[in-house]
Structure formats: C-alpha cells, structure tokens
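Since the structure comes first, as structure tokens, the remarks are kept for the end.
Basis for what follows: all heavy atoms, side chains included, without hydrogens, waters or symmetry-related copies. A, B, ... follow the sequence lines: proteins, then strands. Residue 1 opens every chain.
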2 protein chains.
Amino acid sequence: MMDLAVLGLLHEGPLHGYQVRRRLHELGFRRVSFGSLYPAIRRLEGRGWIAARRGNGRRKEYGLTEEGRRAFEELLDAGVDDGDERRFRIRLAFFAHLEPHRRIAVLEERRAVLTDRLAELRRNRRRSTPADRYTVALMERSVATTESEIAWLDGLVAAERAGRT
Amino acid sequence: MMDLAVLGLLHEGPLHGYQVRRRLHELGFRRVSFGSLYPAIRRLEGRGWIAARRGNGRRKEYGLTEEGRRAFEELLDAGVDDGDERRFRIRLAFFAHLEPHRRIAVLEERRAVLTDRLAELRRNRRRSTPADRYTVALMERSVATTESEIAWLDGLVAAERAGRT
DNA sequence: TAAAGCATGTAAGAGGTTACATGATTGG
DNA sequence: CCAATCATGTAACCTCTTACATGCTTTA
C-alpha cells in the first residue's frame, strides 16, 4: 500500500516524487519502482489528497491537502490487521501520528494475528504429510521468526505503556 | 509466483486445485485466494505444463506434463536471486529436486543479497534524518531480522556441506 | 439442522513490474 | 569525460484481490 506511505511522508513535510522514494528506501521499503510510485502519486492527486505546490526546477513538490490529512489519519487508524506485514510496517513508521492508546491497540492486534499464526504453524507441523528436510527447515524457520516477532511486539507494548505513565 | 509453487507440488504427485491450496497453506503461504489459484492453474494448463488427468467427482486432478517437468526444473534452478522473499521460500520448499551443488549456490546467493541489504540498512541508519523512535524501532528490527536470516542460511549451508560429504 | 469445510469457478478492478524514453547535474 | 545519480514519466502486461455464484459433504 503505497498510498498510506506517501501520505505519511508528505504529512511530515512536502517532498517530490524522487524524495518520497528515497525516504521509503531508508525506511526499509526497498525497490519501490517509479512505475508504481508515480502512478500512485497521480492517484492520490486525483483524489485530492495531495497537491503539487511549487516546482523547483523540473521537480514537483507535493503536499498534503486538508482532505489528505484526514484520509491519512483514517487510514492509519482504521482497519483491522489483516496480517499484511508491509502494511503493519508502514503503520508503525507513522505511529507518532497516532494516539498512544491506539498504538497499543494496533500492536496488540498484530500480536493476536501472529499468535494465531503460530498456533496454526504448530498444528500444521504436527499433522502434515511427512516432510523432507527442506520443508521442515522452512516450517521451523516460520515458527522461529513468528515467535521472535511476538517477543519484539511485547517489547514495543511494554515501552509504550512505560512511556505513557 | 504461484507458478513455481503449483508446478513443484504437482511434481510430487497429482493434486486438484483445492489440495494445492491446502498444501501451500501448510508450507506457510497463507492466504492463497481462489481468484489467484484457479487462474494460475488455467495459465499453466494453457502453456501445456500441467494437464487435468481424471476427475474424481467434481474434482479435477492435475498432473505435470513432460514439458511442465522441464519448465519446473528450469524455474527452480535458474534466475538470480532478486531478493524476493516469497520466491526464495518456494525454491527452498522444493530444494530436494535441485542438485546439491546448486542448492549451496542458491543459498549463498541469497546470503549475498542479505549481506548487501544489511550493509545498506546500516549505512541508512548512520546518515538518515534524525528519526523518531518508531522508525528507529523499525530499522533496528530490520537489521536484527536480516542478521538472523543470514545466520540461519549459514546453518543451512553447513548442513548441506556436511550432508554432501 | 446449521455451520464449517470441500470444491470450482468468473468478473471487475486495482495495483504492481518491466521496459522504455528523456534529460540535467554532479563527482571522480 | 564518463558514470552515477537525480528526476519524471508512459505503456504494455501480468497478477492478485475482492466479491460474487454455486452446490456438496461432514460434523457438532
């Protein structure tokens, strides 16, 4: 979901397309192609969520419109966690713009998704067809990474609660 | 990349669509929708890579054709690692069908990709705009997961070399 | 008997990828 | 001066998502 990412970045100040891409890259979203970025910008512009401000040279600086700001906050806050890794990471990147109690809720929702997934992985491991060692390695890795992410989330929740005191 | 996954599963024996989905699910590819699975099957059928064998009830069992077997082996073996997580996981799932020396090559290619990524993450962390604690958390998590995956790959490579003796 | 799971599909639309096209500016 | 990076875009193609449609079978 390019949209939330672009809105979030422009929420922090106007940028032009290339800068958006670079910032996304820094945030760990490698490989955002121009063929996906510029059409996304066009889309958002079409919805009136962003607008080109001034063009410095051949650059087009985009900023959030008032409508865009509202759309951003809705997108950031709303929506159950559907387990999409990418989307969660983007939401986290803009957590600063979310109310503290919503932050905790989002983290715990994510945690619940991962806990379910973990249970399912273990169920599968128990009753699946006798697997060769590579699929076993794959499944074990999935369990390990999921456990690790849950632990990480616990740390974030703890920090959030501590900071809120 | 549904294609490689479907070919790989049918390489191990004929299945019908629903079974393919279940097996994928077991392998950790949750959320393979029917709207992506059935068109994929149609696609592969159109290329002559798979063919419906017998229909038990309303089920359609698909099997690999000779051409499909060749296509599978090419897809599995070929292609540089472009860093796509999903694709790598699928390749690993069918590693048993790859020659031992190619397995090691694939693992090390993946390792190289991750090593590059790690270096980049660290570079970004050093020279990026002073970030709020959530983006910091995100970046640190990226570093940690990448390191962890590299260590895991090292384990796989070691096991592979040991097994090859 | 109702819900959950099995089983196959289609249609519309959103969105992404890859490749192409162009040109300025900056650094080694 | 050449390569890399900055900078913006288009076009064709492909694939996936979501929602709809249908109907059988198993299990609580």
Name the atoms and distances for all side-chain donor-acceptor pairs under 3.5 Å in residues 31-42 of chain B, with sequence neighbours left out.
residue  : atom : partner  : partner atom : Å
Arg31(B) : NH1  : Asp82(A) : O            : 3.3
Ser33(B) : OG   : Ser36(B) : N            : 3.4

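Between the C1' atom of dC13(D) and the CG atom of Asp3(B) lies a distance of 14 Å, rounded to the nearest Å. Atom-to-atom, CZ of Arg22(B) to C1' of dT8(C) comes out at 14 Å; the value is rounded to the nearest Å. When the P atom of dG9(D) is taken as reference, atom CZ of Phe34(A) falls 11 Å away, rounded to whole Å. As rounded to whole Å, 14 Å separates atom C1' of dA7(C) from atom CG of Leu15(B). In this structure, the NE2 atom of His25(A) is 15 Å from the C1' atom of dC6(D), given to the nearest Å. Following rounding to the nearest Å, Leu37(A) (CG) and dG9(D) (P) show an atom-to-atom distance of 10 Å. Whole-Å rounding puts the Tyr38(B) OH to dT8(C) P distance at 4 Å. Taking atom CZ of residue Arg86(B) and atom P of nucleotide dT17(C), one finds them 14 Å apart after rounding to whole Å.
Set against dG9(D), dT8(C), dT17(D), the side chain of Ser36(B) has dT17(D) as its closest nucleotide. Considering only the side chain of His16(A), dA7(D) comes nearest among dG9(C), dT17(C), dA7(D).
Proximity of Tyr18(B) to the phosphate of dC6(C): a side-chain N or O atom is located under 4.0 Å from OP1 or OP2. One finds a side-chain N or O of Arg42(B) lying less than 4.0 angstrom from the OP1 or OP2 phosphate oxygen of dG9(C). Contact annotation: Arg43(A) side-chain N/O to dG15(C) OP1/OP2 distance is under 4.0 Å.
Using a 4.5 Å heavy-atom cutoff, the side chains of Arg110(A) and Glu149(A) are in contact. No side-chain heavy atom of Glu67(A) sits under 4.5 Å from any side-chain heavy atom of Arg47(A).
Heavy atoms of Gly17(A) sit under 4.0 angstrom from primed sugar atoms or phosphate atoms, though from no base atom.
Residues that satisfy the salt bridge (charged side-chain N to carboxylate O under 4.0 Å, His left out) test with Glu140(B), not counting sequence neighbours, are absent from this structure.
Using a 3.5 Å distance cut-off with no hydrogens or angles, the side chains of Arg103(A) and Tyr134(B) do pair a donor with an acceptor.
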